[in-house]
Amino acid sequence: MFDVWGALRRREAQPWTFGGLILGLLLAALSVAAEDNGPPAVGEGPYDRLVLRGVMVVDGTGAPPQGPMDLVIEEDEIVRIAYIGAPGTEIDPARRPEVGENGREIDLTGSWVLPGFVDLYGYAGRNRDYASRLWLAHGITTVREPVCERGMEICNEWRRAAEEHSVVSPRVVPWLHFGLGRPGLKVADADDARAWVREAKEQGAAGIKFRGEKPEIFAAALDEAEDLGLPTSCHHSPLWVSRTDVLFTARHGLDQLEHFYGLPEALIEDTTLPAYPADYNYLDEQHRFATLGRLWGQATRPGSERWQRVIAEMVEGGVAMVPTLALYEANRDLMRARQKEWHAEYTLPSLWQSFTPNRSSHAAHFFAWTTEDEVAWRKGYRRWMRFLRDYANAGGRVAIGTDAGFMYTVFGFAFVREMELLREAGFTPLEILRAATQEGADELGLADQIGTIEPGKRADLVVVPENPVADFKVLYGTGTPRLRDDGTLERIGGVTWTIRDGVLYDAQALRQEVRRMVKAEQEPAGK
């Protein structure tokens, strides 16, 4: 039974309007999830043979959906995708693969199966167990840990535990922040940069993340990483873009552009540097983010010679864009970001506290966020989205990463929202699902193992009861409301099963467990 007073207490733990509270109660009452006192969510399998019956398959390549199909998994591998009959006709039992004595079959007639999602910016910080459950509960089977801020030893332990399924976690691909281990992240010179990259490789780093550096050091590190087969990414810090913008890094072999820092600066046509306000102070978070949203207003017009030249150089350099559109959405609509329906039950109080405006905390910059700031960001989004669409049309890769855990974004939920925002940018649903799967796998060097549904690939899969091609909202852990013909509301959607390496995770049980985590953190404070 739905606990009204419990929901009221949970809502009071966070700054909601009365209208938002009533909406939250209505949405929660519509949920048909099980009670929150069940056993811990754990994976089941892998099985000698697991057959998923009667599914619609979206294979991740961009090909259109097809079904009904029976999908056969043996241990951790997809071995067969069986056509079992035409839509709307009776299925011929003779076409159906056998499950065998020690196998398992699941009737998923009417459900949709997609490749496991790949989050190219899965930074969990100290919220690893919480984030991992939310990732898996939303079908994310692989994450790139971008910085390994506590060192490669801890990241490697997490990676091994995930591989062994001794923890509930997606597959972890650990990258290391450039300079980590050096005092103050300071690398002395080009030779030291090369030495650091070699050390990172020896420690098990699967890639290198940069924020900017002196040109000669940056170029040497990128060159060494390329020689060693280590992919690279960069969040171009505003403190460095005057020397190393996206054109510099594209010319020196950078693999991934995170967010959009360094891009509008490269698109400025009439000056060589952005025109910052006279009172601008980079260390003032509100100054920084308010100005950041206005940078696109200084960029050249879409379709101009400079616009096309920057696209061409980045495409030629093989740079993939990982825009994290959902991360910055609070800047264009703060009220929406604060009132997301999942906050009350899925956002840890400690995480919510980190969102609260604070002059000493990164990305907690909404000290006096104005309509003018939001309008500037909305205009910036339109140009940013246009660049992404033009970039993909020119042959550039756009993939999905989230960097959730900042600015009112929550793990898992942010990934689905990123899909919706790419749809707003003009990408088709199948393009977006390819970006979420195949493109991400390719960026991590795992395209031969994951990212598409094909025999011989690992069994990383997402099962959802509704059509995500028609509506990405059915992927949210909260599902989405629909009005029945009889006038009553129901909740549809929500991932039902996430499969990683043939191990089956009950996504509803994972979400239950997250709700218990949130409730346990609320209760000691009497909330």
Is the distance between the ring centroids of Phe415 and Trp135 under 6.0 Å?
no
Taking the six-membered ring for Trp, are Trp369 and Phe289 ring centroids under 6.0 Å apart?
no
List for me each residue that meets side-chain contact (heavy atoms from CB on, under 4.5 Å) alongside [X], sequence neighbours excluded, and say none if there are none.
X: Leu239; value: Ser237, Tyr282
X: Glu157; value: Glu153, Arg160
X: Ala225; value: Val197, Leu230, Thr232
X: Glu431; value: Arg389, Phe427, Thr428, Arg434

Do [X] and [Y] have side-chain N/O donor and acceptor atoms under 3.5 Å apart?
X: Asp129; Y: Ser132; result: no
X: Glu521; Y: Ser350; result: yes
X: Arg515; Y: Tyr346; result: yes
X: Arg144; Y: Ser233; result: yes
X: Thr244; Y: His236; result: no
X: Glu329; Y: Tyr381; result: no
X: Thr141; Y: Arg500; result: no
X: Asn331; Y: His365; result: yes

Can you name the side chain to side chain donor-acceptor pair (under 3.5 Å) partners of Asp223, sequence neighbours left out?
Arg194
Those residues that, when tested against Thr498, pass side chain to side chain donor-acceptor pair (under 3.5 Å) (two or more places apart)
none
Spell out, as yes or no, whether a donor-acceptor pair under 3.5 Å connects the side chain of [X] to the backbone of [Y].
X: Ser304; Y: Arg301; result: yes
X: His287; Y: Asn281; result: yes
X: Thr480; Y: Tyr476; result: no
X: Trp377; Y: Glu372; result: no
X: Glu374; Y: Leu334; result: yes
X: Arg491; Y: Thr478; result: yes
X: Glu216; Y: Ala190; result: no
X: Lys340; Y: Tyr408; result: yes

Counting C-beta onward and ignoring hydrogens, is there a side-chain heavy-atom pair between [X] and [Y] closer than 4.5 Å?
X: Ser169; Y: Trp158; value: yes
X: Thr409; Y: Thr402; value: no
X: Val319; Y: Thr249; value: no
X: Leu421; Y: Met385; value: yes
X: Tyr130; Y: Leu351; value: yes
X: Leu348; Y: Asn127; value: yes
X: Tyr121; Y: Ile400; value: no
X: Phe387; Y: Ile311; value: yes

Answer yes when Lys201 and Glu224 have at least one side-chain N-carboxylate O distance shorter than 4.0 Å, and no when they do not.
no
Considering only NZ, NE, NH1 and NH2 on the basic side and carboxylate oxygens on the acidic side, decide whether Asp442 and Arg397 come within less than 4.0 Å.
yes
Between Arg378 and Glu424, is the salt bridge (Lys or Arg N to Asp or Glu O under 4.0 Å) condition met? List the steps.
CA-CA 12 Å; Arg378 287 171 195 160; Glu424 182 181 330; over 6 Å; no
Listing request: all salt bridge (charged side-chain N to carboxylate O under 4.0 Å, His left out) pairs with a residue in residues 242-255, at least two apart in sequence or in separate chains.
Arg251-Glu313
Qualifying residues under ring pair (Phe, Tyr, Trp, His ring centres under 6.0 Å), relative to [X], sequence neighbours excluded:
X: Phe218; answer: Phe210
X: His138; answer: Phe413
X: Trp175; answer: none

Assess the residue pair Arg288 and Asp284 against the criterion (salt bridge (Lys or Arg N to Asp or Glu O under 4.0 Å)); give the C-alpha distance rounded to whole Å, side-chain angles, the decisive distance to 0.1 Å, and a yes or no.
CA-CA 6 Å; Arg288 180 154 73 90; Asp284 183 310; over 6 Å; no
Using side chain to side chain contact (heavy atoms under 4.5 Å, CB included), reason through Val173 and Val143 one step at a time and then give a plain yes or no.
CA-CA 6 Å; Val173 183; Val143 297; over 6 Å; no
Face-on cation placement of Arg211 at Phe178 ring, 6.0 Å and 45° thresholds:
no
Would you mind telling me which of Glu418, Met419, Glu439 makes a side-chain contact (heavy atoms from CB on, under 4.5 Å) with Ile432?
Met419
Apply salt bridge (Lys or Arg N to Asp or Glu O under 4.0 Å) to the pair Glu199 and Arg182, showing each step before the final yes or no.
CA-CA 12 Å; Glu199 292 167 13; Arg182 299 287 198 272; 3.1 Å; yes
The single option from His177, Glu145, Glu258, Gln256 that satisfies side-chain hydrogen bond (donor to acceptor under 3.5 Å, both in side chains) with Lys209 is Glu258
Pairwise distance CZ(Arg417) to OG1(Thr324) - rounded to 0.5 angstrom:
13.5 Å
Taking distance alone, no hydrogens or angles, what donor-acceptor pairs closer than 3.5 Å link side-chain atoms of residues 262-278 to residues at least two apart or in another chain?
{"unit_1": "Glu265", "atom_1": "OE1", "unit_2": "Gly262", "atom_2": "N", "d": "3.0"}
{"unit_1": "Glu265", "atom_1": "OE1", "unit_2": "Leu263", "atom_2": "N", "d": "3.4"}
{"unit_1": "Glu269", "atom_1": "OE1", "unit_2": "Thr300", "atom_2": "OG1", "d": "2.9"}
{"unit_1": "Thr271", "atom_1": "OG1", "unit_2": "Leu273", "atom_2": "O", "d": "2.8"}

Please assess Val375 against Thr371 for the test side chain to side chain contact (heavy atoms under 4.5 Å, CB included), listing each intermediate value before the final yes or no.
CA-CA 6 Å; Val375 169; Thr371 300; 4.2 Å; yes
Looking at residues at least two apart in the chain, or sitting in another chain, which of them share a disulfide (SG to SG under 2.5 Å) with Cys155?
Cys148
Do Asp373 and Arg294 pass the salt bridge (Lys or Arg N to Asp or Glu O under 4.0 Å) test, and can you show the C-alpha distance, the side-chain angles, and the key distance before you say yes or no?
CA-CA 8 Å; Asp373 293 323; Arg294 291 167 168 83; 3.1 Å; yes
Measure the acute angle between the ring planes of Tyr328 and Phe260, then classify it against the limits of 30° and 60° as parallel, tilted or perpendicular.
tilted
